[in-house]
Amino acid sequence: MTQRRAEIVGAGFAGLAAACALAQRGWRVRVHERAERLRTTGAGIYIYENGLRVLEALGAYDEAVRGAPVAHTREVRDDRNRTLALHRWDPSIRVFAIVRQQVIDALAAAARRLGAEIVTASEGVAATPDGEVTFADGARTRADLVVAADGMNSKLRDSLGLLGRRTPLADGAIRMLIDTTEAERRATDIGKTTEYWSGSRRVLYTPCSAERIYVALTMLDRDAAARSVPLRRADWKASFPHLAELIGRLGDDGRYDRFELIKLKRWSAGRVAVIGDAAHALPPNIGQGGGCAMMNALSLAVFCARSADVPAALGAWERKERALTDHTQRISHFLGLPTTWPPALRAAFFTLAGRSKWMTKQRTMTARHVPTGTQAR
Ligand SMILES: Cc1cc2nc3c(=O)[nH]c(=O)nc-3n(C[C@H](O)[C@H](O)[C@H](O)COP(=O)(O)OP(=O)(O)OC[C@H]3O[C@@H](n4cnc5c(N)ncnc54)[C@H](O)[C@@H]3O)c2cc1C
């Protein structure tokens, strides 16, 4: 077979993982990124066992997790700073809290080592089922496989009419990174995440390295004061007086995103596959959007390596892989519903959910999955 060509649009977790996986299987790969640089939101990300296995298979693991703490405990506290719940992660399921940019850099470096070309300032605007991509500057190219990995607002997906349902959810988050203080650097336990609640507002505090802390503020989308950027610190301090020092350290460079659920009619049209948030955005309640993006990118390459018939391979890929992603979306959405409930009811729900073996199994199913293209350990 002559070397097959893939054009990938979007250089996030999905696009870069697909670039590595396809290049590993002999494809000539070019990735197009709209931005001038491969830069992601200044934030952290939890990557669970399933995503870590994919990073290993792609040769990006060591660089991606360097210096990042293994997350082992999540503590939930109420508005009076009392512990409501203490959840310890099952040590057989690895979880790292990592600075996002480090994972993107690791995937990009692995893709380049494997021979993929990454072109920045190149915006894809449309694709056709026969494998043609059109760019914002009017240029066109054709490939054996086109991968639409251009995020939640995917132009390629929409040009193909693949969107089934797009549901804005009730809540959203402002994310940022801050430097650790001397006292935090001296603290030995950087594997603990703390989640502070006050009404429907929440502060999630996650050390991502010895130097950086990831802070996510979540709120209802209708809470305009809480979601405003630059941050209204006085307003947040009023909700969390015991976190006044921390809130005082938060910068003005945060970014607000409303959570959304995206469902496609199909994950592909002819020679075009849609992956990552473009295909299946989900709220971050179980930290699996990036994990699913990378799993589906790797499995896409595995299925395309099995057959010379790309449209047939893409159909088989979706039939095998989609059920787990659908499950992940359902459970993540479900676990976000209590955000709108009164605090006492919400606390009771999380206590019960934490004790329920069935619920734990549902919540951790994605993390425990051995992704296609990775080895069982
Ligand atoms: C608050 C919050 C917390 C989260 N926490 C976690 C977590 O802990 N763990 C986890 O696994 N997931 C988490 N997620 C989800 C995760 O961020 C996403 O699922 C993941 O970023 C999806 O990757 P992607 O590559 O599909 O899309 P993106 O990360 O959006 O990347 C898309 C890329 O394509 C580029 N692009 C866009 N349009 C074009 C175009 N037309 N042409 C060329 N390039 C284009 C963009 O610039 C970007 O680089 C969280 C999400 C949110 C909102």
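Numbers here simply count residues along the sequence, with the first being 1.
- A distance of 6.5 Å separates OG1 in T40 from CD in Q101, rounded to the nearest 0.5 Å.
- A cation-pi geometry, defined here as NZ or CZ lying under 6.0 Å from the six-membered ring centre and within 45° of its normal, does not hold between R346 and F349.
- We find that R271 and E132 are not joined by a salt bridge, their nearest charged nitrogen and carboxylate oxygen being 4.0 Å or further apart.
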Could you walk me through whether E260 and T167 pass the side chain to side chain contact (heavy atoms under 4.5 Å, CB included) check?
CA-CA 6 Å; E260 290 196 41; T167 317; over 6 Å; no
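- The two residues P129 and L160 make their nearest non-hydrogen contact at CD-CD2, 3.7 Å.
- For the 3.5 Å distance criterion, the side chains of D130 and T128 qualify, holding a donor opposite an acceptor.
- Heavy atoms only, all atoms of each residue included: A11 and V31 are closest at CB-CG1, 3.8 Å.
- Under the 4.0 Å criterion applied to side-chain N and carboxylate O atoms, R202 and D171 are not assigned as salt-bridge partners.
- Taking the side chain as every heavy atom from C-beta outward, Y61 and R53 never approach each other to under 4.5 Å.
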Could you walk me through whether T372 and F303 pass the side chain to side chain contact (heavy atoms under 4.5 Å, CB included) test, one step at a time?
CA-CA 9 Å; T372 302; F303 275 81; 4.3 Å; yes
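- In this structure, R77 forms no cation-pi arrangement with W197, as its terminal cationic atom is not both closer than 6.0 Å to the ring centre and no more than 45° off the ring axis.
- Using a 4.5 Å cut-off on side-chain heavy atoms (C-beta onward), E245 and R249 make contact.
- Nearest heavy-atom pair, E7 versus A143, reported as atom, atom and distance to 0.1 Å: CG-CB, 3.6 Å.
- Annotation for C20 and A111: closest pair SG-N, 3.5 Å, computed over non-hydrogen atoms.
- By the 4.5 Å heavy-atom criterion applied to side chains, R201 and T218 are not counted as neighbours.
- When only modelled atom types and interatomic distance are considered, E75 and T83 share a side-chain donor-acceptor pair under 3.5 Å.
- The pair R233-D235 does not meet the salt-bridge criterion, since no charged nitrogen lies less than 4.0 angstrom from a carboxylate oxygen.
- Under 4.0 Å is where a charged nitrogen must lie from a carboxylate oxygen, and between R258 and D221 at least one such pair does.
- The shortest distance between side-chain heavy atoms of Q288 and I286 falls below 4.5 Å.
- Put simply, V9 and I262 are part of the same group of oily side chains (I, L, V, M, F, W, Y) that touch within less than 4.5 Å, one to the next.
- Among the candidates I8, D105, L107, the single residue satisfying the side chain to side chain contact (heavy atoms under 4.5 Å, CB included) test with L16 is L107.
- In this structure, D150 does not pair ionically with R34, as no charged nitrogen and carboxylate oxygen lie closer than 4.0 Å.
- Residues A21 and A297 approach most closely at CB-O, 4.2 Å, considering heavy atoms.
- Checking each of I275, V272, L163 against R157 for a side chain to side chain contact (heavy atoms under 4.5 Å, CB included) leaves exactly one that passes, namely L163.
- Two residues are said to be in side-chain contact when any heavy atoms from C-beta on lie closer than 4.5 Å; L145 and W27 meet this criterion.
- Linking Ile, Leu, Val, Met, Phe, Trp and Tyr whenever their side-chain heavy atoms come within less than 4.5 Å puts I174 and I178 in one cluster.
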Can C304 and L300 be said to form a side chain to side chain contact (heavy atoms under 4.5 Å, CB included), step by step?
CA-CA 6 Å; C304 285; L300 166 74; 4.2 Å; yes
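- With hydrophobic clusters built from ILVMFWY side chains whose heavy atoms lie under 4.5 angstrom apart, L114 does not share a cluster with L58.
- Using a 3.5 Å distance cut-off with no hydrogens or angles, the side chains of E318 and S268 do not pair a donor with an acceptor.
- Under the 3.5 Å distance criterion, with hydrogens and angles disregarded, a donor-acceptor pair is assigned to the side chains of S299 and W317.
- Here the side chains of R80 and H242 are not in contact, with every heavy-atom distance at 4.5 Å or above.
- The number of heavy-atom neighbours closer than 6.0 Å to CZ of R322, taken from other residues, nucleotides and ligands shown, is above 12.
- Smallest separation of non-hydrogen atoms from L282 and Q329: CB-CG, 3.9 Å.
- With a 4.5 Å cut-off on side-chain heavy atoms, V370 and E49 do not count as touching.
- Counting only N and O atoms by type, the side chains of Y214 and T193 include no donor and acceptor under 3.5 Å apart.
- For the residue pair N296 and H280, a side-chain donor N or O sits within less than 3.5 Å of a side-chain acceptor on the partner.
- Contact check on R66 versus E63 returns no salt bridge, with no Lys/Arg side-chain nitrogen under 4.0 Å from an Asp/Glu carboxylate oxygen.
- The pair E56-R94 meets the salt-bridge criterion, with a side-chain N (NZ, NE, NH1 or NH2) lying under 4.0 Å from an Asp/Glu carboxylate O.
- Using a 4.0 Å cut-off between charged nitrogen and carboxylate oxygen, D253 and R175 do not count as a salt-bridge pair.
- Linking ILVMFWY side-chain heavy atoms closer than 4.5 Å, directly or via other members, places F13 and F96 in a single hydrophobic cluster.
- Here the side chain of S332 pairs a donor or acceptor atom with the backbone of P283 at under 3.5 angstrom.
- A heavy-atom distance below 4.5 Å is not found between the side chains of K155 and D158.
- Judged purely by distance below 3.5 Å, without hydrogens or angles, the side chains of S200 and T339 never pair a donor atom with an acceptor atom.
- Not one N or O on the side chain of S228 forms a donor-acceptor pair closer than 3.5 Å with the backbone of L231.
- In the hydrophobic clustering of this structure, Y46 does not group with V65; members are Ile, Leu, Val, Met, Phe, Trp, Tyr whose side-chain heavy atoms approach within less than 4.5 Å, directly or through other members.
- Ion pairing between a basic and an acidic side chain is recognised when a charged N comes within 4.0 Å of a carboxylate O; D90 and R368 show no such pairing.
- Using cut-offs of 30° and 60° on the angle between ring planes, the pair W89 and H87 is perpendicular.
- A salt bridge links R74 and E195; the closest N-O separation between the charged side-chain nitrogens and carboxylate oxygens is under 4.0 Å.
- Judged by distance alone, the side chain of E184 and the main-chain N or O of I213 form no donor-acceptor pair under 3.5 Å.
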